[in-house]
Amino acid sequence: MAGRPTSHTPEIEAEILERISAGEGLRSICKSEHLPSDSSVRNWVIQDKPHGISSRYAHARAMGLDSIAEEIQE
């Protein structure tokens with residue numbers, strides 16, 4: 001029986017960042033069994049491994065906050 005992934009892949013990163021940019025929270029996203037735990041993703045961001053994930057994550061988070069703000073305004 002395979003457990004949750006802990007290794008980074010471009011596909012996993014893309015899904016997580018796309019969902020964050022849409023306004024979804026990391027904990028909620030990482031409840032999906034095919035994705036790593038939120039603590040694994042946070043470690044990638046803190047360590048910036050792979051290189052550049054910290055800035056990509058920050059950009060996705062900013063877009064997500066804009067999305068949430070737009071929802072509130074509507």
Side-chain angles (χ1 to χ4, degrees):
M1 174 184 215
R4 294 170 67 90
T6 56
S7 298
H8 175 279
T9 68
E11 296 80 16
I12 286 174
E13 178 183 331
E15 179 178 347
I16 291 169
L17 295 183
E18 181 178 323
R19 290 172 67 178
I20 286 173
S21 68
E24 219 177 319
L26 183 61
R27 279 188 282 183
S28 176
I29 293 167
C30 291
K31 287 180 181 176
S32 299
E33 288 296 319
H34 70 286
L35 296 175
S37 68
D38 62 306
S39 62
S40 291
V41 176
R42 290 179 203 284
N43 282 331
W44 301 345
V45 173
I46 290 167
Q47 296 171 9
D48 198 32
K49 291 185 181 178
H51 179 71
I53 193 170
S54 294
S55 62
R56 291 188 297 274
Y57 181 88
H59 182 71
R61 177 63 69 201
M63 290 176 62
L65 292 174
D66 283 347
S67 179
I68 292 167
E70 287 176 7
E71 284 182 33
I72 292 169
Q73 287 177 332
E74 290 176 358

To the nearest 0.5 Å, what is the distance between NE2 on His8 and CD on Glu13? 3.5 Å
Where is the tightest heavy-atom contact between Thr9 and Ile12, given as atom of each residue plus distance? OG1-N, 3.0 Å
Could you give the distance from NE2 (His34) to CD (Glu11), rounded to the nearest 0.5 Å? 11.0 Å
Supply the atom-to-atom distance Asp48 CG to Tyr57 OH, rounded to the nearest 0.5 angstrom. 13.5 Å
If you take all heavy atoms of Glu33 and Pro5, which pair is closest and at what distance? O-CD, 4.0 Å
Tell me if the CD atom of Glu18 is crowded by more than 12 foreign heavy atoms within 6.0 Å. no
Between Arg56 and Pro50, is any pair of side-chain heavy atoms under 4.5 Å apart? yes
Identified side chain to side chain contact (heavy atoms under 4.5 Å, CB included) partner of Asp38 from the options Leu26, Ile29, Asn43: Leu26
Closest approach of Val41 and Pro36, non-hydrogen atoms and distance? CG2-CG, 3.9 Å
If I take atom CG from residue Asp66 and atom CD from residue Glu71, how far apart are they, to the nearest 0.5 angstrom? 11.5 Å
Taking every heavy atom of Trp44 against every heavy atom of Ile53, the minimum-distance pair comes out as O-CG2, 3.4 Å
Can you tell me how far CG of Leu17 sits from CE of Met63, rounded to the nearest 0.5 angstrom? 10.0 Å
So how far is it from Ser21 OG to Leu65 CG, rounded to the nearest 0.5 Å? 11.0 Å
Pair Val45, Arg61 - check side-chain contact (heavy atoms from CB on, under 4.5 Å), show working. CA-CA 12 Å; Val45 173; Arg61 177 63 69 201; over 6 Å; no
